[in-house]
Each structure stands twice: as C-alpha cells, then as structure tokens.
There are 2 protein chains.
Amino acid sequence: MTEIERKLDSNGIRPTAMRILIYKYMAEKNNALALTDVEQAFQKAERTTLYRTIKTFEEKGIVHQIDDGTGVLKYALCEPGCNCEIDRDLHLHFHCNSCDKTICLTQHKIPHINLPEGFMAEDANLVVKGICDSCSAY
Amino acid sequence: MTEIERKLDSNGIRPTAMRILIYKYMAEKNNALALTDVEQAFQKAERTTLYRTIKTFEEKGIVHQIDDGTGVLKYALCEPGCNCEIDRDLHLHFHCNSCDKTICLTQHKIPHINLPEGFMAEDANLVVKGICDSCSAY
DNA sequence: TATTAATTGCACTTCTGTTGCATTGCTTAT
DNA sequence: ATAAGCAATGCAACAGAAGTGCAATTAATA
Ligand SMILES: [Mn+2]
Ligand SMILES: [Mn+2]
Ligand SMILES: [Zn+2]
Ligand SMILES: [Zn+2]
C-alpha cells in the first residue's frame, strides 16, 4: 500500500486506479487545476469520472474548491494543516494575470474583517490578482 | 433632461428609454443584481438588450461586476466616489447565505495584503459570506 | 431628406457544471 | 467459490449563463 493509497483510504475514499492517478497528478502540480486541465492530462478518461473523482475528494476534505474570478472553478489539494473540513481554511488565493495560474497561498490567512452592525461573517474568499513570482522573474 | 439622463449622458451613454429604465431599476435596489434579476423585472424586454445595456454601463464605468462565488455574475451601480474606472475600487462584498443577496460594502476597503517575494498585486476581490443585517434582525 | 451610425431583436453557439441510468468492477456473506 | 449487493465508471443528455452574428430599427447628422 503506497503513500497515496493510504491517504485516500484514511479519508474514506476507495483507492481506485483512476483516483490514485488523479491524486498523483494534482499533487505534482503546485497550482490549482480546473476540470478541463485534468481532462487534458487524462484524455482517455471520461469527463464525468474526473468530475466525480474531484467532487469525492472535495466531499471527503482532501481537496478544496477555489473561485478565482475567472468563471472556471479550480481545485487544489489541501495542504497538511488545511482545515477545510472543519470550518473553512481561510488562506488567500493568487491569480496570475500573465500565466493565468491560480496558486494557494496557504500561509497567508485572510485578515479579520470588521463588518457593519448586524452582519455576521461565516466564510470569506479573498483572491488577489497580479503577477506571480515565476512571471515577475523575467 | 432628468437626473438619470444627465448621468448617462455625462458618461458617454446615449440615454435611451430602456437604458433609463434599467438604470432606475438598479438604482432603487440596494443589492447587486444578476442578469436574470433584471430579466425578471423587464419580462417584455430582450435578454440580449439587457445584457448589452449592463455591459455598456460597465464599460463606461457606472456599473461594476461582482463575482460573489455563487457562479452567477452580479452587477451594481458605482456609488459616488467609487473609482472602478481608474484602478479598481477595492471595497468588499457581502453575500448573505440566508436571503442570498449580495451587497456592496462600499465603505469597507480590502485591507493591504503583503504577498510573498516576487508576487505583485494588481487587483483583489474579497467576498465575505454570512448573515446580513436584515436577516439577522429576526 | 438622405446618409450614416448606434441600438435593439432574434437566433444560435459555446462553455461549464451537473444528473440519470445502464454497465462494470469490487467486496462480503453464504 | 459463488452469488448478492454496493460502489465506481461510461455514456448520453440537460441546464444555465455568457456571449456573438446579423438583420432590422431607430436615432443622429450632414
Ligand atoms: Mn487554496
Ligand atoms: Mn460593489
Ligand atoms: Zn504567472
Ligand atoms: Zn440576508
């Protein structure tokens, strides 16, 4: 039983061949992925299977969904210490206007926001857009 | 020439009947609207006309688009003092999980975020979700 | 009034996300 | 080992939102 299989198994996800492949793929990318990205990588696989696999990962708390404002949902593996499952891990996301990649800035938490009287916060989403480190290196 | 006509005109928008109606409608709502909301309000009008009207408003800088994470784009009139046209007005948006309305918190600017080495911010979007003042009043 | 430009209406397309259902594969109890 | 039962996959189709092309109107201007 490999590392990944154990990870899936311990989160109540049956480690099928497809799931292991998708997990591995997501793990080796350091940016968030759209369903179409995964589709590109596994052209022989069914879109629905990929979709449901990612959704399963999400439900089981090993992947979180990101709305980066591009109109396409992105997904990224939860880093160790990410508490998505519990009450939302409020780290911020960065979208590069140059390379179009979306990156989890896991270390950067969303600052506390004080709201007007009567408003109660339950969740928050902060996306910063600009130029990423790779793109600004040139 | 009415107030609204002047407003449109001074922003380079020809004040047609339809445009005046839509502007008025958006002005009397205090929450952000989806295209479908406007569609509901003007059932006899063509969707495309409504769509293009809002897009025109946006291009001319009197409306801004909001991605509140629901998957449906929202639009709201720019308040006096909103500098969308210039470099983005970084106020935050609140989405109520109860009444499903999205509100501009024009007074609440997005706090400065310091990013890791190499990252350069150009824009930011912060959406807080929770219970709005009207809903929490009960 | 004739010419030109902007606006609107209608039809149709694309893209993303999502579901229903039959089929296949895996697990477990007999 | 076999059969029953449940989970995963493949295939088809749908829904909603956003957007485009083009013809028909309507408004502005010469
Ligand atoms: Mn993330
Ligand atoms: Mn706003
Ligand atoms: Zn980049
Ligand atoms: Zn509310």
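Per chain, numbering begins at 1; letters A, B, ... match sequence-line order. Because the structure is predicted, anything quoted here is derived from the model rather than measured.
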[X] side chain, from C-beta outward: closest of [options]:
X: B/R14; options: C/dG9, D/dA8, D/dA28; answer: D/dA28
X: A/V72; options: D/dA18, C/dT16, D/dT9; answer: C/dT16
X: A/R19; options: C/dT8, D/dA8, D/dG19; answer: D/dA8
X: B/Y51; options: D/dA18, C/dG9, C/dG17; answer: D/dA18
X: A/L35; options: D/dG10, C/dG17, C/dT8; answer: C/dG17

What's the [atom1]-[atom2] distance between [X] and [N], to the nearest Å?
X: B/R52; N: C/dC10; atom1: CZ; atom2: P; answer: 13 Å
X: B/M18; N: D/dA27; atom1: CE; atom2: P; answer: 14 Å
X: A/E39; N: D/dC11; atom1: CD; atom2: P; answer: 14 Å
X: A/I13; N: D/dC6; atom1: CD1; atom2: C1'; answer: 18 Å
X: A/I22; N: D/dA8; atom1: CD1; atom2: C1'; answer: 12 Å
X: B/L50; N: D/dA18; atom1: CG; atom2: C1'; answer: 14 Å
X: A/I54; N: C/dT18; atom1: CD1; atom2: P; answer: 11 Å
X: A/D37; N: C/dC15; atom1: CG; atom2: C1'; answer: 14 Å

If each of A/T49 and B/K74 is mapped to the nucleotide of DNA chain D with the nearest heavy atom, which maps nearer the 5' terminus, i.e. the 5' end?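 Counting from the 5' end, the first nearest nucleotide belongs to A/T49.
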Would you indicate what B/T36 reaches in the nucleic acid, counting non-hydrogen atoms under 4.0 angstrom: base, sugar-phosphate, or nothing? sugar-phosphate
Heavy-atom donor-acceptor pair, [X] side chain to [Y] backbone, under 3.5 Å:
X: A/N11; Y: A/I13; answer: no
X: B/E28; Y: B/Y25; answer: no
X: A/K74; Y: A/I103; answer: no
X: A/S136; Y: B/G118; answer: yes

Can you check whether any acceptor in the base of D/dG10 is under 3.5 Å from a donor in the side chain of A/R47, or vice versa? no
Can a side chain N or O of B/T48 be found less than 4.0 Å away from OP1 or OP2 on C/dC10? no
Verify the ring-centre separation between B/H91 and B/H93: is it less than 6.0 angstrom? yes
